[in-house]
Amino acid sequence: MARRSGNADLPLHSGRVPAWLADRMTLLGAALSEAVILHYGRDEFLRRLSHPFWFQSFGAVMGMDWHSSGVTTSVLGALKRGLAPRARELGIHICGGRGKHSRQTPTELMRAGEAAGFDGAALADASRLVAKVDSAAVQDGFALYLHSFIVADDGSWVVVQQGMNGALRQARRYHWLSEGLRSFVDDPHAAIDGRKGADIINLTDHRAEFSRARQLDLLQTLGPDGIASKFGALAERASPAPQPQLELPFLVMPAHHEVYPGDVMIRRLRGALAAAADRGPQDFADLLMTPGVGERTVRALALVAEVVHGAPCRFSDPARFSLAHGGKDGHPFPVPLKIYDETIRVMKSAVCKARLGRAEELDALKRLDDQARLAERAATGPSFEAFIAEERRLSPSYGGRTVAGDFVPARTKAKAPAA
């Protein structure tokens, strides 16, 4: 995976995640994270977190609003709560968070370093520098309000930060990855997520090396007072707008709450549906021996399995992963609590047994994902609109819920009798 992996447009949303969803996100997020670590190792888990497309898909499969800035806060909060009890066994420590919690990052890193044996003081300095770079060296109009530092026992780490621009109602997420990092001030980002097309003064871009050197020269020759005087004189004259830097690959997260057909690669969705129909009876009734796991749960597990096993190119349409467990705002459909709880039960069972050397259930998830790749080539199925309509129709039987409460379908008004 390339270190500089792209940009995304994140609409800025306010509000809180309801407790009924936050608790489930904690359980499912921890199980998915551990599944990735068991299959692919801690380094790969850190790489996933540094990939903006995977990160957004990870939040969507857990029932968050698939496109909003709230994915960042809720996912990192869920992982911090869910992985903390197993930090020693997994060798992963999540420090920091939103607002006042971000300021505790250095202290938490020092504490984790003492427990695990890495240099917490050095990483605390890195945490401060990373925050300073994205708040001062990258001048893009976004004020940081979230800083999360995820570190492994061997000292490798990833940082996820997010800033907001209230006037634009936009958020921008920044990803840092220690793997391959040579300098904090010369192309350090694994990714920057944000509004495409905005003018950004990014002094960490390698093309700004000359500018950084000249700034040091000016500071030495003119001093702070001299620079302020020169700047004041320049400000009195009209100056051309700064030229935007070359764009990175980006993921545009639209402002609309609804999930439209264009937001989803229907071929991939149909592959998951076909795999669930084909592998479900064989793997989940016979192998997993979990009575009560029906076709709808296996369909959710097919998307969950892709989050664990999918290649980076598979996450170009994060909206598709919201079709596993819906969204708390009711889009694409209410969160089906009964299905969500079954997904958690299956994942926890698979992970717990894998810890003991019995990987049959995790392997079954891998086969489900493999089958979906094969089924995409020829799978047919319902239209996107028909799929969503059926999910909404069945939502009450699945325990569908939104932030407004239990889902109640709108009643169709009876037609007046003909005169």
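Fair warning: this is a prediction, and the values are worked out from it, not measured in the lab.
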Not counting sequence neighbours, list each pair that qualifies as a salt bridge (Lys or Arg N to Asp or Glu O under 4.0 Å) and has a residue in residues 297-312. R299-E391, E306-R314, E306-R320, E306-R373
If I compare all heavy atoms of G96 with all of T105, which pair ends up nearest, and what's the gap? CA-OG1, 3.1 Å
Does the ring of Y40 carry R48 above it, NZ/CZ under 6.0 angstrom from centre and within 45° of its axis? yes
What is the distance from atom CG of L394 to atom CZ of F333, rounded to the nearest 0.5 Å? 10.5 Å
Could you give the distance from CZ (R86) to CD1 (I92), rounded to the nearest 0.5 Å? 12.0 Å
Looking at K366 and D363, is there a salt bridge between them, counting it only when a charged N and a carboxylate O are closer than 4.0 Å? no
Looking at CG of L10 and CD of Q56, how far apart are the two atoms once the value is rounded to the nearest 0.5 Å? 5.5 Å
Walk me through it: do E342 and R296 pass the test salt bridge (Lys or Arg N to Asp or Glu O under 4.0 Å)? CA-CA 10 Å; E342 284 300 310; R296 178 59 182 85; over 6 Å; no
CZ of R16 to NZ of K328: how many Å apart, nearest 0.5 Å? 11.5 Å
Measure the spacing between OG1 of T297 and NZ of K338 and express it to the nearest 0.5 Å. 11.0 Å
Compute the ring centroids of H67 and H257, then answer whether they are less than 6.0 Å apart. yes
Mind telling me whether Y260 and H256 have parallel, tilted or perpendicular rings, with 30° and 60° as the class edges? tilted
Looking only at heavy atoms, what is the nearest atom pair of S74 and V17, with distance? CB-CG2, 3.9 Å
R355 pairs by salt bridge (Lys or Arg N to Asp or Glu O under 4.0 Å) with which of E34, E361, E89? E34
Note: A35 and L362 closest approach over all heavy atoms is CB-CD2, 4.1 Å
Are S349 and K353 side-chain neighbours, meaning at least one heavy-atom pair lies under 4.5 Å? yes
Donor-acceptor under 3.5 Å (R172 side chain, Q161 main chain): no
Applying side chain to side chain contact (heavy atoms under 4.5 Å, CB included) to D341 and R24, what does each step give before you reach the verdict? CA-CA 8 Å; D341 289 343; R24 288 174 169 86; 2.7 Å; yes
Which heavy atom of S69 sits nearest to which heavy atom of L12, and what is that distance? OG-CA, 3.5 Å
Would you say R392's side chain and G330's backbone share a donor-acceptor pair under 3.5 angstrom? yes
Within 6.0 angstrom of R88 CZ, more than 12 heavy atoms from elsewhere: no
So which pairs with a foot in residues 154-168 pass salt bridge (Lys or Arg N to Asp or Glu O under 4.0 Å), sequence neighbours left out? none
Mind listing the closest non-hydrogen atom pair of G29 and F58 along with its distance? O-CZ, 3.9 Å
Atom pair CD (E376) and CZ (R267), whose distance is rounded to the nearest 0.5 Å: 5.0 Å
Is a side-chain donor or acceptor of H325 paired with a backbone partner of V61 at a separation under 3.5 angstrom? yes
Closer than 3.5 angstrom, by distance alone: can the side chain of D263 be matched with the main-chain N or O of A319 as a donor-acceptor pair? no
Contact between H175 and V158 at the side-chain level, heavy atoms closer than 4.5 Å - yes or no? no
Do T343 and V304 come close enough that some side-chain heavy atom pair is under 4.5 Å? yes
Quick check against the 3.5 Å criterion: does S127 have a side-chain atom that pairs as donor or acceptor with the backbone of L123? no
If we only count heavy atoms from C-beta on, is the L146 to L76 side-chain gap below 4.5 Å? yes
Flag the pair R47 and E179 as a salt bridge only when some basic side-chain nitrogen lies within less than 4.0 angstrom of an acidic carboxylate oxygen. yes
Salt bridge (Lys or Arg N to Asp or Glu O under 4.0 Å) contacts touching residues 97-120 (sequence neighbours left out): K80-E108
Exam field: side chain W54 to backbone V307, donor-acceptor pair closer than 3.5 Å: yes
So, S57 side chain and F53 main chain: donor-acceptor pair closer than 3.5 Å or not? yes
F315 vs F55, side chain to side chain contact (heavy atoms under 4.5 Å, CB included): CA-CA, chis, key distance, verdict: CA-CA 9 Å; F315 304 102; F55 191 100; over 6 Å; no
For Y398 together with F407, are the ring centres under 6.0 Å from each other? no
Side chain to side chain contact (heavy atoms under 4.5 Å, CB included) for V346 and L301? Distances and angles first, verdict last. CA-CA 9 Å; V346 170; L301 287 167; 4.0 Å; yes
Side-chain contact, heavy-atom cut-off 4.5 Å: Q170 with F142? yes
Locate the shortest heavy-atom distance separating H93 from A116; write the atom from each residue and the value. NE2-CB, 3.7 Å
